[in-house]
Amino acid sequence: MHTFRTHTCGELRKTDVGRKAKLSGWIHSVRDHGGVIFIDLRDHYGKTQIVINPKMEFYQELEKWRVETVVCFTGEVVARTPETVNPKLATGEIELVAEAMEVLGETEQIPFQVAKEEQVPEAMRLEYRFLDLRREELHNNIVLRSRIIQTIRQKMWEMGFNEYQTPILTSSSPEGARDYLVPSRVHPGQFYALPQSPQQFKQLLMVAGFDKYFQIAPCFRDEDARADRSPGEFYQLDIEMSFATQEDVFKVCEDLLEEVFTQYTDKKVTHAPYPRIPFREAMEKYGTDKPDLRNPLFMIDLSEFFRKAGFKAFSSTVEKGGVVKGIRVPGIVGVQPRTFYDKMEAFAKENGAKGLGYIMWTREGEIKGPIAKFLKPEELDELEKLASIENGDALFFMCDTRAKANELGGKVRARFGEKLNLIDPNEFRFCWIVDFPFFEKDEETGAIIFSHNPFSMPQGGMEALQNRNPLEILAYQYDIVCNGIELSSGAVRNHQPELMYKAFEMTGYSREVVDSKFGGMIKAFKLGAPPHAGVAPGIDRMVMLLTDSPNIREVIAFPFNQQAQDLMMNAPSEVDMKQLRELRIIPLPHELKYEETYKKLKADAERIRAAEEAAQTAAKPS
RNA sequence: GGAGGCGUAGCUCAAUUGGUUAGAGUGCCACCCUGUCACGGUGGAUGUUGCGGGUUCGAGCCCCGUCGCUUCCGCCA
């Protein structure tokens, strides 16, 4: 009987000594000693050393086969002598003495080394992704990703959730990112959209009574890439629960993340309940809505102190409505050289600050620094108390409008964390950011707009919408953050049509507009919708954190490059005219409707050009 | 759409800061080697210095443009 293998390359052990075995895999490395050749044969499961003696007839032939050739060896499992055991290999106590060899897949010269850890250009790795995926690190990441997804599914099932599929071809969603569109052949001129997330479907599943939904859901957004954001598509663990409060969602998430993160990492992991930090507090303390809590530094508000204190540059800013924020950096005075302070100031200036003032308390209790001389001794005493200063500490100041000072403080805080090695790499620190504002003011127009998600539930309900200052209304809207990376947003959804109409009315949308844009959802909510809430942590980002990957491409088997291209499959690519005609993207000549449209578009374009020219002529002084 | 960084052998990098024939490691090719495990040794081949232009007696290096990759901003609930 023909088989390719009796064992995998990671399987044979000392107890198998004496057996005949057949192994198939890739030639990982060759060590040719003239009289004997050693080959590491590699497959998905591991590596096994093959020994080839010169008396074998394929000995000479072997020399022409390169690494990464796919071969099958038959032979006897032999124990290695104690001196030749390789403790680095799981199969290192044995080797296979080859008796027969068959080449299953030849290889030309490979463009980069699989067996060695060398840097390879990203574009080449992506073009030869199948080779890149053979390399140990990436291979392991993808396997780990698979295991993590398996663990997630299992835990979700244990918690009573069911997985439901939702459509990939759906309609363009009215909010958020740019859609990927798919032309409809049956309905010329009309388009499907790929889902940016299954948001509406999962809410409809709740209306349909399914109660606890999850899905490892592909999501598509036509937006530009970042190191932690894949262009085009990504996967999220989509979760929605009926009759659930914000805290119910948190409990599910915390239980799930506890399971996943303790299983796949040895690092220290935050245990539930995670800190809940109101959005405003996060902005005031950390200058960002995704703080890295491994960084112990935080901002305090010193505006009231400086309003009275004798430093005019600060007090006048406070008088004008600005703020002074301080960051206490413990124990650096006398440790960091003068240049450290200069570099931090330069960094602050690069980020739009006028300066970065500071006061230093030396270990001997002396007070130094550019701001110190402006303050009286009793003011310095008060400042020490306000900022809990001890000898050796430095206190840095950000002075600007509240928004700018907070933003700068956030950057400075992160920079200190990095430069002073304050961030423990062996830790995962989670937190929830809660109480996002429901509305905000459009900076250009001054109009009230939704600050996050129009479909989330305003805290205080109709009462709040009717009676409170819109800018003070909070939403049941939350983010989960780990080590400064946003894993997910989520919300308690607004399931009451009247509340939805009212909220949209406040941003200037009439009932009719809401009905036309979100009619499907509104209709469902009018026919008995349960209160529901959800969240959707990014799978890719979770795996990134667990594999310590600096880039999201390290945890995706076949990622796009930054320009949203698949260099291996050559996507996107041009298609032939026949397909375009069939989809009516290029109209057939006899299709009058399109010819009319074309003529109309052309006429429009010409009219606009003429108008522009006329405007230009008019603008010129004659 | 904008800003920064990078681009030298198949791959990773160097080239005394503008100086004469562009080097090393790895891979590749040939040969030697019976216990290696990233085996070792000897020898060899491999370059439009991303592309185009400019400055200069002379450019891998300086300048301008352009292309590619990447990071960030915009954008992304």
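Residue numbering restarts at 1 for every chain, and letters A, B, ... go by the order of the sequence lines.
For A/Phe234 and A/Phe220, the ring centers are positioned 6.0 Å apart or more. The distance between the ring centers of A/His495 and A/Phe525 does not fall below 6.0 angstrom. Two rings, from A/Tyr274 and A/Phe250, have their centers 6.0 Å or more apart. Taking the six-membered ring wherever Trp is involved, the centroid distance between the rings of A/Phe214 and A/Tyr164 does not fall below 6.0 Å.
For A/Glu95 against B/G35, a side-chain N or O and a base N or O form a donor-acceptor pair under 3.5 Å. Residue side chain A/Arg80 reaches the base of B/C37 through a donor-acceptor N/O pair under 3.5 Å, judged by distance alone. For A/Arg229 against B/C75, a side-chain N or O and a base N or O form a donor-acceptor pair under 3.5 Å. At a cut-off of 3.5 angstrom, the base of B/U70 holds no donor-acceptor pair with the side chain of A/Arg226.
Separation of the P atoms belonging to B/A77 and B/A15 is 46 Å when rounded to the nearest angstrom. Between the P atoms of B/U70 and B/U17, the separation comes to 34 Å (whole Å). Straight-line distance between the C1' atoms of B/A9 and B/G25: roughly 12 Å, to the nearest whole Å.
In summary, A/Asp238 and A/Lys202 engage in a salt bridge, as defined by a charged side-chain N under 4.0 Å from a carboxylate O.
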**OP:** Let me have a per-nucleotide readout for nucleotides 23-28 of chain B, 5' to 3', with B, S or -, counting only protein heavy atoms under 4.0 Å.
**Re:** ---SSS
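Across all strands shown, B/C6 forms a Watson-Crick or G-U wobble pair, both distances under 3.5 Å, with B/G68.
Looking at residues two or more places apart in sequence or on another chain, you find no ring-ring contact (aromatic ring centres under 6.0 Å, His included) involving A/Tyr192.
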